[in-house]
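Side chains included, hydrogens not; waters and symmetry mates left out as well; all remaining heavy atoms used. Throughout, residue positions are numbered sequentially from 1 according to the sequence presented.
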Amino acid sequence: MPDSKHTTLTCLMVLLLLALLTAPACAGSVQLNETSSIGVDQNLELKDTAALSANRHFLINVANDAGVKYDKDGALYGGPGNTYYMKFDGGGVNALHISGDPSNSYGSILTSASQSGVFYLTDTGGRGFDDDGILMLAVQGDVPNDFRVHIRASGYTWTPSPVANLKPTAYTHVDGTVDETFTKNDLIYGPQIWKPCSMSNYPIYCGQDMSDTQNTFQMMFIDLNAGIIGSNTTAGAPPLQDNGAIRVEYSFENLNTFAAFDAYAWCLNSNQGQGITWTNAVNALGQSATSASGYTVTGTPRPAPAAGFTANPTTGTAPLAVRFTDTSTGSPTSWSWSFGDNTTSMVQNPVHTYTTAGTYTVALTATNAGGSTTATQTRFITVQTPVSPTTVATTVTTTVSTTLPTTTAHTTVTTAVPTTTTVAPTPTATQHPVVANFIANVTAGQSPLAVQFNDSTTGSVQNYFWQFGDGGASYDRNPVHLYTTAGRYTVSLVASGSNGAQVKTIEQYINVTEPAPAPTTPTATQLPDYHYLYLKVANDEGARFDLHNNETYYQKNEGGGLNALWMTGDPAVPKGQTITTSNQSGVFYLTDTGGRGWDDDGLVMLAVNGTIPDTFKVHIRASGYTWSPVTEFVKLSSGTITYVDGSIDETFTKADFIYGPQIWKPAGQANYPIYNGQNMSDTQNTFYLMFIDLNAGIIGKNGVNTSAGTPTLQNSGAIKVEYSFENLNAFAAFDAYGWCKYTSRGEGISWTNAVNALGQSSLASGYSVVGMPASTAPVSIPSATSPPTDPNRDGLYEDLNGNGMLDFNDVVLFFNQMDWIAEHEQVSAFDFNKNGSIDFNDIVMLFNSV
């Protein structure tokens, strides 16, 4: 027997789909360009550009067709793959250089007017090598559409070592590590006046006037697919080709302004961690640091274009639609039309409709960086008055049968007599001119997006031809087109009949976005006990000391363990503090005052209260000392420890909360609070938990060998933790844990920070953050001009398109944007069947309410 529910839903879906094909368009505004054709070169792939958001701590895309050579940073830093991370945690401008001669490893400041040439990337740092070299190209001002630059690089390659600063010993020279041509479309960053660096507002080229904010640049990054080997890496080794530098050959086409090259270097494992931390030093105007180097190229100014155009048709009756085609040479970048009837256009190839009879002079001014020229065609367009229909009396000869009597006896003669009859006139039908027009039922949404186009052309139309902007076309009058790829699409309709044809184009009319990712609801389970647990860490790389091969740490806590480990806002106050803040980013420290005095590895537990939004994120960056674990009775010495700035630098999401909901944290006793002052009798106020390995140890004053004097430790040996929340809507608490390999309590976690339940007052520490409640006010749904409203004030927003009433357009909008609503709106405001989610049954409820 069929499932009646699914049968009903299937029928309703068919009805809704039919409704989508016939329903009027939802309320929405589009920007029309009269009846203009699209104003961009259709052969160009257009990309939006945007200035970089900060001078460091972000991921970049490279322009190479093959992407990055080492696709590792996205996973480590919580971003998309195929990117490099601009880290730059201090310094980074004293090791990397650009040189015209590889034997001059400290580089030089080079300026050239040659549109092709060679330069080198060198390294003089103490570490002495970089696993990969990256080139930044910055081009000044407006970049012409036919701009090209060919880059060919050669250098050494090797397999980066996961061991920090381990110099490569096996490397291979590759002639042509990159050999590729890049275009205007690859300049996806900018416009701006600075380059990424450890310092903000750092110049792009030597001598740049940083006060001139109008002299902007667009930029691209090119992976050279080779490493840089300096003299500090190869001392005593055989001579290397180009002294271990990366050789870069460039060749420009149509560089009309000014370009600057800058060098960047990426390493897998260095004192600064993984990522890009080095660039060539440059001086701003008035500075004179001797370490500066760079390479700039002065372009060849482009001459002004030679304006020209054609039109079709040039004569006809009003209203007359004329398509103008730009034929200018010299690559203009802007166009200004005067149609002779006091109207203008800035579109390259417009369609203009003349509504009044007359003879019109047309002019086009074409402009580029080299200047402007104007082409004028006098009395070019002739528009005639349309002929009105006339009524004409028509004379028709007819034959009438007439009977006449004669005098002949017994004889009757019938004679045909011609007569003239006036027949009522028949009007001649008027052929109305074609005026093309159309509208779509939805103009924005996630792919795949089905759009119903409705023709509203006036006049005598015989044929229709649609172009949807993604390569698709149709000859139907009212087609439905499915957009499967994100992008902005220009739509054109050519309507034609016996009285002519006209084109209607709406530029970038349909905006299709990527489908929203499925909500990452963690499969969380409450911890089974307060101790004797294997705790899985949220880090992408798992546990630092994964001795059990399961990405976990063993939490023992066989009683006690609450008097040694602390959390504090000041490492000079090691006994810790109880801190509560509403700051969504900040710093705290993990300290140790125990008799043993050190922990081989520190972890934090993050607990977040209540329902966690899908967009929740927290970025954690930690810095501290690392060492190889030693036996219980051997104190740490300064010669065995290394300070790591950025031992972890990673973003965590809702999916990393795999424990909970619960009200207690693992400790040496049951039902132990998560934060100071927690009411343990409130069992409804639950938390989800994640554990983060900080990849550094904690050193207290009792943990250091002082036989040779007490060494001065950064942050007094504490682990520094920097956090930054996004979309924390409730309350969060951090807790500290310490792991050791060799102790009197054996291997595992036996320490955490002490906290007090409500009413207790023993010495404690902790760090809590009060979140920012999410707004419950609905926002405008794609293709609607106003936010949804609640017409009957029942707490549900039935009026999705914001026109003040519930109608069938709201059902259509809900059907098209259901996933978007679930992702961006307050679910309870659109959950019409009150089952806790946005689903097809809500559409059924809304449909039945219309």
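Residue Q526 qualifies as enclosed at atom CD: its count of foreign heavy atoms under 6.0 Å is above 12.
For the pair I641 and L713, the minimum side-chain heavy-atom distance is below 4.5 Å. Annotation: side chain of Y737 is in contact with side chain of P666 (closest heavy-atom distance under 4.5 Å). The closest side-chain heavy-atom distance from Q272 to F88 is not below 4.5 Å. Looking at heavy atoms from C-beta onward, Y70 lies out of side-chain contact with L268 at the 4.5 angstrom threshold. You'll find the side chain of D839 stays beyond 4.5 Å of the side chain of F832, heavy atoms only. Side-chain contact between W278 and D130 is present, with at least one heavy-atom pair separated by less than 4.5 Å. No side-chain heavy atom of Y672 sits less than 4.5 Å from a side-chain heavy atom of Y530. In this structure, Y589 and P574 have side chains that are not in contact, with every pair of non-hydrogen atoms separated by 4.5 Å or more.
Checking D693 against Y553 by side-chain atom types alone, a donor-acceptor pair falls below 3.5 Å. Between the side chains of W598 and N702, not a single donor N or O lies within less than 3.5 Å of an accepting N or O. Between the side chains of Q555 and N557, at least one donor N or O lies within less than 3.5 Å of an accepting N or O. A side-chain donor-acceptor contact under 3.5 Å links S623 and D645. Using modelled atom types and a 3.5 Å distance limit, the side chains of Y84 and D132 yield a donor-acceptor pair. A donor-acceptor pair shorter than 3.5 Å can be found between the side chains of N756 and S762. With no hydrogens or angles considered, no side-chain donor-acceptor pair links N695 and S647 at under 3.5 Å. With 3.5 Å as the limit, one finds a donor-acceptor pair spanning the side chains of N271 and N165. Side-chain polar atoms of T642 and W627 form no donor-acceptor pair below 3.5 angstrom. Residues D89 and H57 have side chains that bring a donor and an acceptor to within less than 3.5 angstrom of each other.
Using a distance-only test at 3.5 Å, with no hydrogens or angles considered, a donor-acceptor pair links the side chain of D123 to the main chain of G125. In this structure, the side chain of D649 does not engage the main chain of G646 through any donor-acceptor pair within 3.5 Å. Remark: the backbone N or O of E541 is not paired with any side-chain donor or acceptor of N539 at under 3.5 angstrom. A donor-acceptor pair under 3.5 Å is absent between the side-chain atoms of E825 and the main chain of V827, judged by distance alone. Remark: the backbone N or O of C740 is not paired with any side-chain donor or acceptor of D599 at under 3.5 angstrom. Judged by distance alone, the side chain of Q678 and the main-chain N or O of P673 form no donor-acceptor pair under 3.5 Å. Using a distance-only test at 3.5 Å, with no hydrogens or angles considered, no donor-acceptor pair links the side chain of D131 to the main chain of P160. Remark: the backbone N or O of N679 is not paired with any side-chain donor or acceptor of D682 at under 3.5 angstrom.
Across S765 and N753, no two heavy atoms sit closer than the pair O-ND2, 3.0 Å. The shortest heavy-atom contact between I276 and Y264 is CG2-CD2, 3.7 Å. Nearest approach of R127 to N269, heavy atoms of both residues: NH2-O, 3.0 Å. Pairing each heavy atom of V537 with each of G542, the nearest pair is CG2-C, 3.5 Å. The heavy-atom pair separating W266 from K72 by the smallest distance is CH2-CD, 4.3 Å. Shown here for L52 and Y189, the closest heavy-atom pair between the two residues is CD2-CD2, 3.3 Å.
Taking CD1 of I579 as the reference point, atom CG of N676 lies at 11.5 Å (rounded to 0.5 Å). Once rounded to the nearest 0.5 Å, the distance linking OG of S716 with CD1 of I698 reads 13.5 Å. Summarising the geometry, atom CG belonging to D601 is positioned 10.0 Å from atom OG1 belonging to T626; distances are rounded to the nearest 0.5 Å. Distance check: T591 OG1 to L565 CG gives 7.0 Å after rounding to the nearest 0.5 Å. Rounding to the nearest 0.5 Å gives a distance of 6.5 Å between OG1 of T83 and CG of N61. Remark: M605 CE to I749 CD1 distance equals 11.5 Å, nearest 0.5 Å.
Under the 30°/60° scheme for interplanar angles, the aromatic rings of Y797 and F830 are found to be tilted. Taking the six-membered ring where tryptophan is involved, the planes of F734 and Y723 are tilted, since the angle between them lies from 30° to 60°.
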Could you go step by step and tell me if T568 and F588 meet the side chain to side chain contact (heavy atoms under 4.5 Å, CB included) rule?
CA-CA 6 Å; T568 180; F588 59 85; over 6 Å; no
For ring-ring contact (aromatic ring centres under 6.0 Å, His included), just list the numbers for F657 and F687, CA-CA rounded to whole Å, side-chain angles, deciding distance to a tenth of an Å, and then say yes or no.
CA-CA 10 Å; F657 289 100; F687 291 78; over 10 Å; no
W751 vs W739, side chain to side chain contact (heavy atoms under 4.5 Å, CB included): CA-CA, chis, key distance, verdict
CA-CA 7 Å; W751 298 271; W739 177 93; over 6 Å; no
I674 vs N609, test: side chain to side chain contact (heavy atoms under 4.5 Å, CB included). Steps then yes/no.
CA-CA 10 Å; I674 291 173; N609 175 244; over 6 Å; no
Show the numbers, then the answer: is there a ring-ring contact (aromatic ring centres under 6.0 Å, His included) between Y675 and Y767?
CA-CA 8 Å; Y675 65 96; Y767 197 97; over 10 Å; no
Run the side chain to side chain contact (heavy atoms under 4.5 Å, CB included) check on V769 and F725 step by step: do they pass?
CA-CA 9 Å; V769 182; F725 285 108; 3.8 Å; yes
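Relative to the ring axis of F58, R56 does not place its NZ or CZ within 45° and under 6.0 Å from the centre.
Every salt bridge (charged side-chain N to carboxylate O under 4.0 Å, His left out) that K536 has, sequence neighbours left out, goes to E551. Under the salt bridge (charged side-chain N to carboxylate O under 4.0 Å, His left out) criterion, D73 pairs with no residue at all, not counting sequence neighbours.
Residue pairs meeting the salt bridge (Lys or Arg N to Asp or Glu O under 4.0 Å) criterion with at least one partner in residues 715-743, sequence neighbours excluded, are R621-E722, K665-D735.
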